[in-house]
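Report on one structure; see the data block that follows.
Just follow the structure's listing: the first ligand is 1, and inside any ligand the first atom is 1. Because the structure is predicted, anything quoted here is derived from the model rather than measured. Side-chain atoms are counted along with the backbone in the values below, which use heavy atoms only and exclude waters and symmetry mates.
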Amino acid sequence: MYKIAVLPGDGIGPEVISQAVMVLEAVSRRFGLPLEMREGLAGGAALEATGSALPQETRDLVMNSQAILFGAMGGPRWDKDPRMAGGSLLIMRKTLGLFANLRPVRLYPALENASTIKKEVVSGTDILVVRENTGGLYFGEKRMEEGEDGPRAIDTMVYSRGEVERVARLSFDLARRRRKKLTSVDKANVLLCSRLWREVVDEVSRDYPDVELNHLYVDNCAMQLVRAPRQFDVIVTENTFGDILSDEAAMVTGSLGMLPSASIGGKIGLYEPVHGSAPDIAGEDRANPIAAILSAALMLRYSFSLEDGASEIEAAVGRVLDRGYRTADIMEEGCRLVGTREMGRLIAEEIYPSGE
Ligand code: IPM
Ligand code: MG
């Protein structure tokens, strides 16, 4: 039995996650997989009901599962509430030991015109961004002080050899299963953390002579991503650089609505669309469910090693796009506009026709 905690959360979270669940049910029927999915409260709704964005009941559900399918947290009502969005997401990453955040950026051929960047430049892009997820500035010591001219804020970037080594190793392993090219991104001309990063990545690379390694400074990488994205296979970088570069890389595909993510490294993996709660379009059947659906595919691949199911979902998404169906965020002339539910249904039908 594969046990999955489903946490739809806020905003468009529930509508996109219910489509991902439907697609998982189709995969389960097609391949005869015993998937057990249980829903829990998280985010604003949970906060209103229990005073916590991650109530104990949800924590228990998570601890009894092998993977979490997560929608999104947050909205204008809770913007100033420190118990919300960022806070609880970071707590989940840290307490579950999810030290690597994988964000695959793959341009589906049908969407070559959806990018704001020229088709000749983006066509064929297929990048896996691996972001270190539990260290660096996000989790270093922080404090406020009284300075000479008023308050002074201090954040610290901290990395240990072990933290760099495990994410480097994972990235080399992933590159080995792809096009065998790894780009490590740092700021070694300025930061001590980056010098240690580079040293450790070089050391680990000796165990992977079949993987080609190169190093880029983060500013150069930001530029190369929009100049020539096809040069990249796997990119590995520290937490803050990864946060920024993965959003940038995402736009190569045209819409944040297409991007899934996987946080792995612990016993329980966390899978979520990159797009967030988008409260402005919540409940209107307009959101693109593909990021959530592709996150479910990543869950099958990385938590359960069900490669057949994962690639079937990815292929089904490609076929539905090839047939010209689009949600509003990726709509083009000559294509057929569909809502959240219809997009989900089309993808599920590709995987396991219901025979209506
Ligand atoms: C992300 C988000 C989060 C992050 C925020 C919501 C704290 O931007 O997952 O990339 O910075 O990690
Ligand atoms: Mg981010």
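Residue-ligand proximity: R103 is placed with a non-hydrogen atom under 4.0 Å from ligand 1.
Neither the backbone nor the side chain of M73 comes within contact range of ligand 1; no heavy atom lies under 4.0 Å. No part of E272 comes within 4.0 Å of ligand 1, judged by heavy-atom distances.
With 3.5 Å as the limit, one finds no donor-acceptor pair spanning the side chains of E141 and T156. Residues S277 and D10 bring no donor and acceptor atom of their side chains to less than 3.5 Å of each other. A donor-acceptor contact closer than 3.5 angstrom is absent between the side chains of N133 and Y138. Side chains of Y271 and S263: a donor-acceptor N/O pair is absent below 3.5 angstrom, by distance only.
A side-chain contact (heavy atoms from CB on, under 4.5 Å) with S261 is found for exactly one of N101, L102, V129, L270, namely N101. Just one residue in the list E314, E349, E312 forms a salt bridge (Lys or Arg N to Asp or Glu O under 4.0 Å) with R319, and that residue is E312.
Contact atoms of ligand 1 toward D243: 1 (C), 4 (C), 8 (O), 10 (O), 11 (O) (distance under 4.0 Å to a heavy atom of the residue). Taking every heavy atom of Y138 and a limit of under 4.0 angstrom, the matching atoms of ligand 1 come to 4 (C), 11 (O), 12 (O).
Classification of the Y159-W197 ring pair by plane angle, with boundaries at 30° and 60°, yields perpendicular.
The main-chain N or O of L24 is never found under 3.5 Å from a side-chain atom of S28 such that the two would form a donor-acceptor pair.
The set of protein atoms (N, O or S) found at less than 2.8 Å from the Mg ion (ligand 2) reads D243 OD1, by chain and number.
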